[in-house]
Amino acid sequence: MEHVSKRPIGSMNKNRMVVLSDHRTSNPLLQTEHGLSIYMESPSGKYLLDTGASDLFIHNAEVLGIDLADIDYCLVSHGHSDHIGGLPAFMQINQKAKVILSANIPGAEYVSVRRYQHSITGNTDFSQQKDRFIFIHENTIVGNIHVYANIGQKHAIPLGNQHLLTRDGVGNYVSDTFCHELAFIVDGVLFTGCAHHGLLNILEAVKEPVKMSIGGFHLLDSHLHQHYESDEQLQAISSCLGRDYPDIRFYTGHCTGDHCYDMLAKSNNNLHQFHCGDEIT
C-alpha cells in the first residue's frame, strides 16, 4: 500500500503514526488482538492514541523499535476495555505522560451483548497516580491537543451501538450514550477511536482544518441474525465523505469490518485500511 512507509522509526520530521494494536497484520513478528493503539510522533510531541486491550502494544512497540517511555501524552478515546485495557501497563513503563480521558469513565461499567454478554469495562485504578490524569468535561485544548467532548447527532449513529450497554445509577443496564467518548485533533490529525458517535457527526463537530483522520468507524459486518448498515447506507456515508471532506485522508481498521471497508472504499480513493505494524505518514 502506498501509504505504508518502510523508513526506520525516528527518521521523519512530519506527522507519523505506527499502528501498535489491531486484529490485522502482515508482519509475523507482531501479535494481534481486538484492540486499538497507535503511536504518533508529530512536531509538537509524542503521543499514544489508546492502549489496546492488554499490554500487547508494548511488545509490538519493542519489536518496532518504539520507546514508549518517551511518550508525552496518552489520549484515551473512550472507556471500553479494547481501548483502555493496556493503560495500567503503559503507566508502569512510562513515568511522565499525562493521560487525557473523559471524566465520565471512572466508576462506569460497560457491557457488550453482541453474540454473548460480556464485560468491556477497563481495569484502571484511578485512585493511583492521580496527578497524571486530565479528566475532560467539555471541549477544551491541552497544549497542542484539541479535545472534543460535545458531539451531536445530525447524522445516524452506527447500528452496532445497539449491543453496547452501561450500568445506570440503580444498577440496571441501559443503552450507552457514549458520553465517555472523545475525539482528538493533534497537528491536523483527527483521532476517532471507535467513532461510536458516527464519523460524520464527529467531523460535523470539529470546526478546524483536518488533514488526516485515523481510527475505527464502528461499522460492523453483518453476522448471522445480526444485521447492521446495508450496502446502500455504507455507500451513502462514503459519498458524503467524498463530497464534504474531499481533502481528508481517512485511515481505518479495528472496528471497521472488511466488507464495510470494501463498500466504503469503492467510491472514495482517500480511504485506506490500516494493519498492525503499518507506518503512516
Side-chain angles (χ1 to χ4, degrees), residues 17 19-25 31-38 48-54 56-57 75-87 101-102 105 110-122 151 155-166 175-178 180-184 190-203 212-224 226-231 233-234 237-238 241 250-265 268 271-278 280:
M17 283 148 286
V19 181
L20 301 180
S21 178
D22 187 47
H23 67 284
R24 307 175 181 92
T25 187
Q31 300 177 22
T32 60
E33 67 177 359
H34 178 71
L36 181 62
S37 182
I38 301 170
L48 185 67
L49 314 180
D50 283 344
T51 64
S54 67
L56 177 144
F57 74 101
L75 313 182
V76 177
S77 64
H78 62 295
H80 291 170
S81 58
D82 53 334
H83 293 256
I84 199 175
L87 184 56
L101 71 166
S102 170
I105 291 178
Y110 308 106
V111 163
S112 171
V113 294
R114 185 184 179 211
R115 302 188 186 178
Y116 63 96
Q117 181 169 322
H118 55 286
S119 173
I120 52 173
T121 304
I151 300 171
H155 303 275
I157 62 173
L159 295 178
N161 286 351
Q162 64 188 290
H163 302 303
L164 299 172
L165 311 176
T166 187
S175 296
D176 196 339
T177 62
F178 299 99
H180 55 101
E181 183 177 62
L182 304 175
F184 302 91
L190 169 64
F191 177 54
T192 64
C194 266
H196 286 289
H197 279 100
L199 179 61
L200 294 175
N201 288 320
I202 292 173
L203 291 167
M212 178 187 298
S213 171
I214 189 165
F217 293 171
H218 203 66
L219 296 173
L220 310 179
D221 290 342
S222 295
H223 175 77
L224 298 178
Q226 294 177 337
H227 300 283
Y228 306 107
E229 281 76 10
S230 67
D231 289 353
Q233 289 171 310
L234 294 169
I237 294 172
S238 181
L241 292 175
F250 295 94
Y251 294 86
T252 190
H254 178 54
C255 57
T256 303
D258 288 329
H259 175 75
C260 291
Y261 170 77
D262 289 342
M263 294 304 301
L264 292 167
N268 193 328
L271 189 64
H272 310 277
Q273 187 181 64
F274 61 66
H275 307 75
C276 193
D278 282 358
I280 303 166

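The figures that follow rest on heavy atoms only: side chains count, while hydrogens, waters and symmetry mates do not. If you're wondering where the values come from, they're calculated on a predicted model, not measured in any experiment.
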Exercise. If every non-hydrogen atom of Ser81 is compared with every non-hydrogen atom of Thr121, which pair is closest and at what distance?
Worked result: CB-O, 3.7 Å

Problem set entry | Partners passing side chain to side chain donor-acceptor pair (under 3.5 Å) against Gln226 (at least two apart in sequence or in another chain) | Tyr228

For this session: Side-chain contact test, heavy atoms from C-beta onward, threshold under 4.5 Å: evaluate it for Asp231 versus His259 and give yes or no.
Result: yes

Problem set entry | Residue pair Ile214 / Met17: nearest heavy atoms and the distance that separates them | CG2-SD, 4.0 Å

Problem set entry | Exam field: side chain Glu181 to backbone His197, donor-acceptor pair closer than 3.5 Å | yes

For this session: Evaluate the criterion side chain to side chain contact (heavy atoms under 4.5 Å, CB included) for residue pair Thr192 and Phe250; output intermediate values, then yes/no.
Result: CA-CA 11 Å; Thr192 64; Phe250 295 94; over 6 Å; no

For this session: Could you tell me whether the side chain of Leu219 reaches within less than 4.5 Å of the side chain of Leu199, counting heavy atoms only?
Result: no

Problem set entry | Ile237 and Phe217, any side-chain heavy atoms less than 4.5 Å apart | no

Exercise. How many angstroms lie between atom OG1 of Thr256 and atom CG of Asp262, to the nearest 0.5 angstrom?
Worked result: 11.5 Å

Exercise. Ignoring hydrogens and geometry, is there a side-chain-to-backbone donor-acceptor pair from Asp50 to Ser77 under 3.5 Å?
Worked result: yes

Exercise. Can Leu164 and Ile120 be said to form a side chain to side chain contact (heavy atoms under 4.5 Å, CB included), step by step?
Worked result: CA-CA 9 Å; Leu164 299 172; Ile120 52 173; 3.8 Å; yes

Exercise. How about Ser37 and Leu48: do any of their side-chain heavy atoms sit closer than 4.5 Å?
Worked result: yes

Problem set entry | Spacing of CG belonging to Asp22 relative to CD belonging to Gln31, to within rounding of 0.5 Å | 14.0 Å

Problem set entry | Among Thr252, Asp258, Asp278, the one residue meeting side chain to side chain donor-acceptor pair (under 3.5 Å) with Gln273 | Asp258

Problem set entry | Rounded distance [0.5 Å steps], SG in Cys255 versus NE2 in His34 | 7.0 Å

For this session: Indicate the atoms forming the closest heavy-atom contact of Asn268 with Ser238, along with that distance.
Result: CB-OG, 3.5 Å

Exercise. Are Phe178 and His180 close enough, and set up right, to give a ring pair (Phe, Tyr, Trp, His ring centres under 6.0 Å), and what steps lead you there?
Worked result: CA-CA 5 Å; Phe178 299 99; His180 55 101; 5.7 Å; yes

Exercise. Does any donor atom in the side chain of Asn161 or His196 lie under 3.5 Å from an acceptor atom in the other side chain?
Worked result: yes

Exercise. Got Phe191 and Leu182 here, is their nearest side-chain heavy-atom distance under 4.5 Å?
Worked result: no

For this session: Side-chain contact test, heavy atoms from C-beta onward, threshold under 4.5 Å: evaluate it for Ile280 versus His272 and give yes or no.
Result: no

Problem set entry | Any donor-acceptor N/O pair, Glu33 side chain to Gly52 backbone, under 3.5 Å | no

Exercise. Taking all non-hydrogen atoms of both residues, which atom of Ile202 and which atom of Ala183 are closest, and how far apart?
Worked result: CG2-CB, 3.8 Å

For this session: Verify whether one side chain among His254 and Asp82 offers a donor that lies under 3.5 Å from an acceptor in the other.
Result: yes

Problem set entry | Spacing of CG belonging to Asn201 relative to CD1 belonging to Ile151, to within rounding of 0.5 Å | 8.0 Å

Problem set entry | Option among His78, His80, His118 that satisfies the ring-ring contact (aromatic ring centres under 6.0 Å, His included) test with Tyr110 | His80

For this session: Please round to the nearest 0.5 Å and tell me the distance separating atom CG of Leu264 and atom CD of Glu229.
Result: 9.5 Å

For this session: Grab the two heavy atoms, one from Thr51 and one from Leu87, that are nearest each other, plus how far apart they are.
Result: OG1-N, 3.1 Å

Exercise. What heavy-atom pair brings Cys194 and His83 nearest, and what distance separates the two atoms?
Worked result: SG-NE2, 2.9 Å

Problem set entry | Distance (rounded to the nearest 0.5 Å) between Leu271 CG and Tyr251 OH | 10.0 Å

For this session: Kindly indicate, with the supporting measurements, whether the criterion side chain to side chain contact (heavy atoms under 4.5 Å, CB included) is fulfilled by Leu241 and Leu200.
Result: CA-CA 8 Å; Leu241 292 175; Leu200 294 175; 3.6 Å; yes

Problem set entry | Heavy-atom side-chain contact between Leu20 and Ile38 under 4.5 Å | no

